[in-house]
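Letters go in sequence order (proteins before strands), and every chain restarts at 1. These figures come from a predicted structure and were not determined experimentally.
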There are 2 protein chains.
Amino acid sequence: MSLMKNLSDKELERGIKDFLEAAPKTYLPGVSIDTVIFSFHNNKLKVLLLRLGDMPYFSLPGGFIKKEENLDDAALRTLQERTGLENIYLEQFYTSGNAIRFNENIVHEKLKTLVNLPDNNWLQQRFISVCYYALVDETKVNPQPGPFTSEFQWVDIKKVPTLLYDHNLIIQKALNRLAADLDQKLVGFNLMNETFTMGELQKLYEAVYQKKLVRTNFQRKMLSLNVLERLEKQYNGKAHKAPYLYRFMEAKCKC
Amino acid sequence: MSLMKNLSDKELERGIKDFLEAAPKTYLPGVSIDTVIFSFHNNKLKVLLLRLGDMPYFSLPGGFIKKEENLDDAALRTLQERTGLENIYLEQFYTSGNAIRFNENIVHEKLKTLVNLPDNNWLQQRFISVCYYALVDETKVNPQPGPFTSEFQWVDIKKVPTLLYDHNLIIQKALNRLAADLDQKLVGFNLMNETFTMGELQKLYEAVYQKKLVRTNFQRKMLSLNVLERLEKQYNGKAHKAPYLYRFMEAKCKC
DNA sequence: CTATTATTGTATCATGATGATACATTAATA
DNA sequence: TATTAATGTATCATCATGATACAATAATAG
C-alpha cells in the first residue's frame, strides 16, 4: 500500500529551504530521532517507511529535538506530526551513533539536486540518533509529509528492503525489543483492534516472534493471563465453528 | 573506600581550562556519555562515583564523543581513560535527555568558582547523554582523574546517595538492565574472579536482584546451565565443609 | 435433514523448571 | 569424639509448557 504524496520537486525545495532556515535556531544540533512505527493489519506486522524525492532507498521517519524540549516529548511530537495520532505507545530502545553512516553521501547529493545547498549545511552534520518504537493503528494513521518526505509506505516486516543509514539494523533491534516487551509488558494489545479473535492475536505473536506457535497452547497461555474478556461469538459466514471475540482488560494488567 | 586524589583547585582550574579550549574542536557538541561502572567486591555490588572539587553531590563518570569517533568506541575510550582497563564488558542501555537537569545550575556555579568562565561556555550547553553500563574488576581498576574529578569512590549499590542530574534514575535503569542480562546473557561472570564459590556467586545474584535466593535451588539452577567447571575445594579454615571452587567456561556459553 | 468440512475450544499426558524441605557430608573446634 | 556451621544432593509438590486427542459447531453439499 503506497501512499504517494507526489510532492513535486518545487514543493520539496520550498520545504527543505524553510526547514534549513529555521533548524539552527529551533533544534538541537547533532541529535536526531528515528522512529520504528509498527502496525498490525490484515494479519501482517508492518513498519512505516518513507522516501525522499525519487531516492532509491527508503528510510525511517524521524525528527529533531527542540532546544528546550525533553527528549521523550520530542519523540512524541514528531510522531504526532507525522501520523496525526494522540495517545501513542512509544518506547525508547537504542541510540545509534556511528561516525560514518551507510549511504549518507547519497542523501546529501540528493538534497543538493533539490535545493542549492552549501557544503556543511545543517543537515550534513553528523547526527547521533535516538531510536523509539511506536505501536499504532494503521487505519487511524493519516501520514503527513515532513519537509523530506515525498512518499509513505506501510511495508510488511518480512519484506523490508535495504534502507538508508543503519535503519535495517534499527528495525531489527526494535523488533527484538518488541518481542521482549510482548512477553513482559503485554504491549501487543496496542496493535490489536478493540476486539479480536484468538487466531488474530496469535498471528501478531507469530509475526513478532517470527515463528509458528501451537494454537492450543497459545490459547491456554493467553487465557491464563486473566487479561482477556470473552465477548460474543463472531459469525463470519465460514463453514466452521465461530470464534469468540476478546477484549483486552487494561485494568487487570500492570502496564 | 574513598580514593582521594586531592586535586588542588589550581590543578582543577588548569585541567578545566585546557579541556574547554580543546573541547569545541575535539568533541561533538550536545552529546555526552555517562557510564555506570559496576564491580562486585567483598560480596558487595558497587558503582564508581566521582566528585568535582568539594561539591555536595557525586555523579557518574562519563565523557564526550570525538568528532569522527563511533559512539560505542567513545564509550570504551572514556571508560579506559578513567579505569586503565582493557577488555571491558560494556553495554548501552538508555539515553537521557530532559531539557532541564536536576541541580545542573549547581555544577555551573561550581565551575565558575574554579575557573573564570563566560556564560554559555561549552560545558553549559544542553547535553543528551547516552548511558552505558560496564562490568569491571574493582581490584584491577586504577581510577584516573579527568578534568572534572577530584575524588573517586566505590559505593555500595544499596547506599548510593542523591546524585547530580538524573544519575540516580540512570543507575536504577542500569541495575534493571543488568538483572535482565544476568538471566539472559550470563554477564554476571564478568564481575566474578576467575574462580569463585557458589556462595559468592549467589551473593552477586542477590545483590543484583535485590532479593534473597534459596541456596539449594540456586545451586541446582547454576549447575544445570552446564557452564561451570568444578575445581578443587577451597579450604578456608572455617569449621565446616569446604566449598568447591568453580570457573566459568566461556566456550559453553553463547555470550 | 444429514453428512461433511474446517476451524475452534477444551482436556489430557509427558516433560521440565522451580519452590520448599529433608538429609547426608565435612572441616575445624571444643 | 561430639559439636557446629556451612555445603552438596535428593526428593516432593507445584506450575508452565509441548504435544496430542477430541468434542463442539457454523456453514455447505448431498
> Which part of the nucleic acid does A:Thr216 contact within heavy-atom distance under 4.0 Å: base, sugar-phosphate only, or nothing?
Replying inline: base
>> Distance to the ring centre below 6.0 angstrom and angle to the axis at most 45 degrees; does that hold for B:Arg101 and B:Tyr165?
In response: yes
> Starting at the 5' end of DNA chain D, which residue's closest nucleotide do you reach first, B:Tyr244 or A:Ser224?
Replying inline: B:Tyr244
> Given C:dG16, is OP1 or OP2 found less than 4.0 Å from the side-chain N or O atoms of B:Arg220?
Replying inline: no
>> In terms of relative ring orientation, are A:Tyr57 and A:Phe102 parallel, tilted or perpendicular, with 30° and 60° separating the classes?
In response: perpendicular
> A:Leu245 has an atom CG; how far is it from atom P of C:dG9, in whole Å?
Replying inline: 10 Å
> Among A:Asn190, A:Leu204, A:Val208, which one satisfies side chain to side chain contact (heavy atoms under 4.5 Å, CB included) with A:Phe40?
Replying inline: A:Leu204
> When the distance from OH of A:Tyr209 to P of D:dT17 is rounded to whole Å, what number comes out?
Replying inline: 10 Å
>> On DNA chain C, does the nearest nucleotide to A:Asn217 precede the nearest nucleotide to A:Ala242 from the 5' side, or the other way round? Give the residue.
In response: A:Ala242
>> Between P on D:dA19 and CD on A:Gln219, what's the gap in Å once rounded to a whole number?
In response: 17 Å
>> What's B:Gly237 touching, base or sugar-phosphate or nothing? Going by heavy atoms closer than 4.0 Å.
In response: sugar-phosphate
> A:Phe218 has an atom CZ; how far is it from atom C1' of C:dA11, in whole Å?
Replying inline: 19 Å
> Knowing that exactly one of B:Ile170, B:Ile171, B:Leu169 qualifies, which makes a side chain to side chain contact (heavy atoms under 4.5 Å, CB included) with B:Lys173?
Replying inline: B:Leu169
>> Quick check on DNA chain D: between A:Lys241 and B:Pro243, whose nearest nucleotide comes earlier from the 5' end?
In response: B:Pro243
>> For C:dG9, does the base pair up with any side-chain atom of A:Arg215 as donor and acceptor (N or O, under 3.5 Å, distance only)?
In response: yes
> With side chains defined as the heavy atoms from C-beta onward, is the minimum distance between A:Leu45 and A:Leu191 less than 4.5 Å?
Replying inline: yes
> B:Lys238 has an atom NZ; how far is it from atom C1' of D:dT4, in whole Å?
Replying inline: 13 Å
> Just how far, in rounded Å, is C1' of C:dT8 from CG of A:Leu223?
Replying inline: 12 Å
> Rounded to the Å, how far apart are B:Gln202 CD and D:dG8 C1'?
Replying inline: 13 Å
> Could you give the CG-to-P distance, from B:Leu225 to C:dG16, as a whole number of Å?
Replying inline: 16 Å
